Amino acid sequence: MIREKLVKGFKDGIVVPEGLIAHGRGETFDYLIDEKTIPVAEKAEKVAAAYLLKAKNPVISVNGNTAALVKNDIVELSKIVPAKIEINLFHRTDERIKKIVEMFKGVDVLGGRPDARIPGLEHHRGLCCKSGIFSSDVVLVMLEDGDRAKALVDMKKTVIAVDLNPLSRTAQTASITVVDNVTRALKNIIKNCEILRNNRTEIDETIKNFDNRGNIDEVLKYISKRLG
Ligand code: PTJ
């Protein structure tokens, strides 16, 4: 079903060919974790929910793959936090932006008229919105390119990354790394937002007790053990 959604997205001009290749890489890592949410990912998903709920200006960044795979979950999460949605494409064209905005019909989405830029990224890749990603304190990125993830961390933002490859540059540079398929991760983050949203003490405790480096190491240990 995931593959078919992406192929349809590709035919509709939402997903780029590189997005199909990215999916293949992700799928490989998904097999290594048995295509399920492993306990360490569940922990990171709770932390992601806590950071989103505590943020002053949280933003969910959307690309072609996530629009094709998890559009409805993105909208649901944006309402529960609440968070802004910004379409921020790596392979940016006005036509793709327009098509993705149309997919989100009836929902406020940023990204159509970028008026700021992420320092250190060349032309199209650095474009963003002043009221969105540029001024955000917490950004949720999914299937993100490593350079952009690093540029956002360099801007002192808390970067939550959903990436099935625990060794990717994005996974390694993010502030919170969720090693899970985006199709499961968003649902779990939503569930945790529902649990945490009225509990400030638990939000603070969840954030305080988290060590991202240690959590990535646990993912690698889990994979090694499974292979062994
Ligand atoms: O739509 P655009 O123009 O913004 O382009 C989007 C892509 C995905 C092409 C672009 O951001 C890109 O090239 O990303 P990368 O550098 O290929 O990184 C994608 C990462 O996501 C890889 O580490 C994959 O393993 C991982 N990945 C792939 N599918 C999933 C995934 N992680 C979570 N869930 C998935 N379903």
Side-chain angles (χ1 to χ4, degrees), residues 1-38 40-41 44-45 48 59-71 73-74 85-101 103-104 109-112 114 118 121-128 133 139-152 159-174 176-189 216 219-220 223:
M1 274 170 67
I2 294 177
R3 284 187 203 142
E4 275 169 24
K5 275 189 183 172
L6 289 170
V7 169
K8 183 178 182 306
F10 174 66
K11 287 181 180 157
D12 292 345
I14 304 289
V15 174
V16 278
E18 292 85 346
L20 301 180
I21 299 169
H23 169 71
R25 290 205 307 286
E27 208 170 37
T28 311
F29 284 96
D30 212 5
Y31 294 147
L32 295 180
I33 55 168
D34 204 16
E35 295 175 278
K36 63 182 191 211
T37 302
I38 62 174
V40 266
E45 282 157 359
V59 175
I60 305 170
S61 178
V62 175
N63 64 21
N65 285 50
T66 52
L69 289 179
V70 285
K71 189 208 85 184
D73 292 333
I74 290 169
I85 300 173
E86 179 166 339
I87 301 164
N88 197 256
L89 302 180
F90 190 73
H91 305 278
R92 188 188 176 97
T93 64
D94 288 342
E95 207 190 339
R96 281 184 75 216
I97 294 272
K98 211 172 128 211
K99 284 185 176 168
I100 299 174
V101 169
M103 281 181 80
F104 282 87
V109 290
L110 297 166
I118 302 167
L121 295 179
E122 85 275 18
H123 193 56
H124 281 330
R125 287 163 190 184
L127 293 175
C128 67
I133 288 178
V139 200
L140 171 63
V141 293
M142 299 164 274
L143 289 83
E144 183 59 283
D145 162 76
D147 281 344
R148 290 213 313 198
K150 182 173 180 309
L152 292 171
V159 176
I160 303 167
V162 178
D163 193 323
L164 276 162
N165 178 0
L167 297 171
S168 77
R169 270 196 315 133
T170 298
Q172 294 282 324
T173 32
I176 298 103
T177 305
V178 176
V179 182
D180 202 0
N181 197 309
V182 76
T183 54
R184 299 186 297 267
L186 276 192
K187 288 186 172 44
N188 291 333
I189 296 174
I216 296 174
V219 174
L220 294 171
I223 292 175

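Counting convention: from 1, in listed order, for ligands and their atoms alike. What you see is a predicted model; the values in this text were computed from it and never measured.
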Which atoms of ligand 1 sit under 4.0 Å from any heavy atom of [X]?
X    : value
G19  : 9 (C)
D180 : 33 (C), 34 (N)
V182 : 33 (C), 34 (N), 35 (C), 36 (N)
N165 : 23 (O), 25 (O)
E144 : 18 (O)

(request) Tell me which protein heavy atom sits closest to atom 32 (N) of ligand 1, plus the residue, atom name and distance to 0.1 Å. (result) L164 N, 3.1 Å
(request) List the closest protein heavy-atom neighbour of atom 22 (C) of ligand 1: residue, atom name, distance to the nearest 0.1 Å. (result) D163 OD1, 3.7 Å
Any salt bridge between [X] and [Y], counting N to O under 4.0 Å?
X    : Y    : result
K8   : E4   : no
D147 : R125 : no
D30  : R184 : yes

(message) For E45, give me all partners under salt bridge (charged side-chain N to carboxylate O under 4.0 Å, His left out), at least two apart in sequence or on another chain.
(response) none
Are any of the N or O atoms of [X] closer than 3.5 Å to those of ligand 1?
X   : value
R96 : yes
E18 : no
H91 : yes
G64 : yes
F90 : yes
L89 : no

Whether [X] side chain and [Y] backbone form a donor-acceptor pair below 3.5 Å:
X    : Y    : result
D163 : Q172 : no
R96  : I14  : yes
N63  : L143 : yes
N181 : T183 : yes
K71  : M103 : yes
T66  : M142 : no

(request) Answer yes if a protein heavy atom lies under 4.0 Å from atom 4 (O) of ligand 1, otherwise answer no. (result) yes
(request) Check if M142 has a non-hydrogen atom at a distance under 4.0 Å from any atom of ligand 1. (result) no
(message) Within 45 degrees of the ring normal and closer than 6.0 Å to the centroid, is that where the cationic atom of R148 sits relative to F90?
(response) no
(message) Tell me the nearest of S168, A68, A22 to atom 24 (C) of ligand 1, using heavy-atom distances.
(response) A22
(message) Please state which option from L143, D30, L69, N63 has its nearest heavy atom closest to atom 19 (C) of ligand 1.
(response) L143
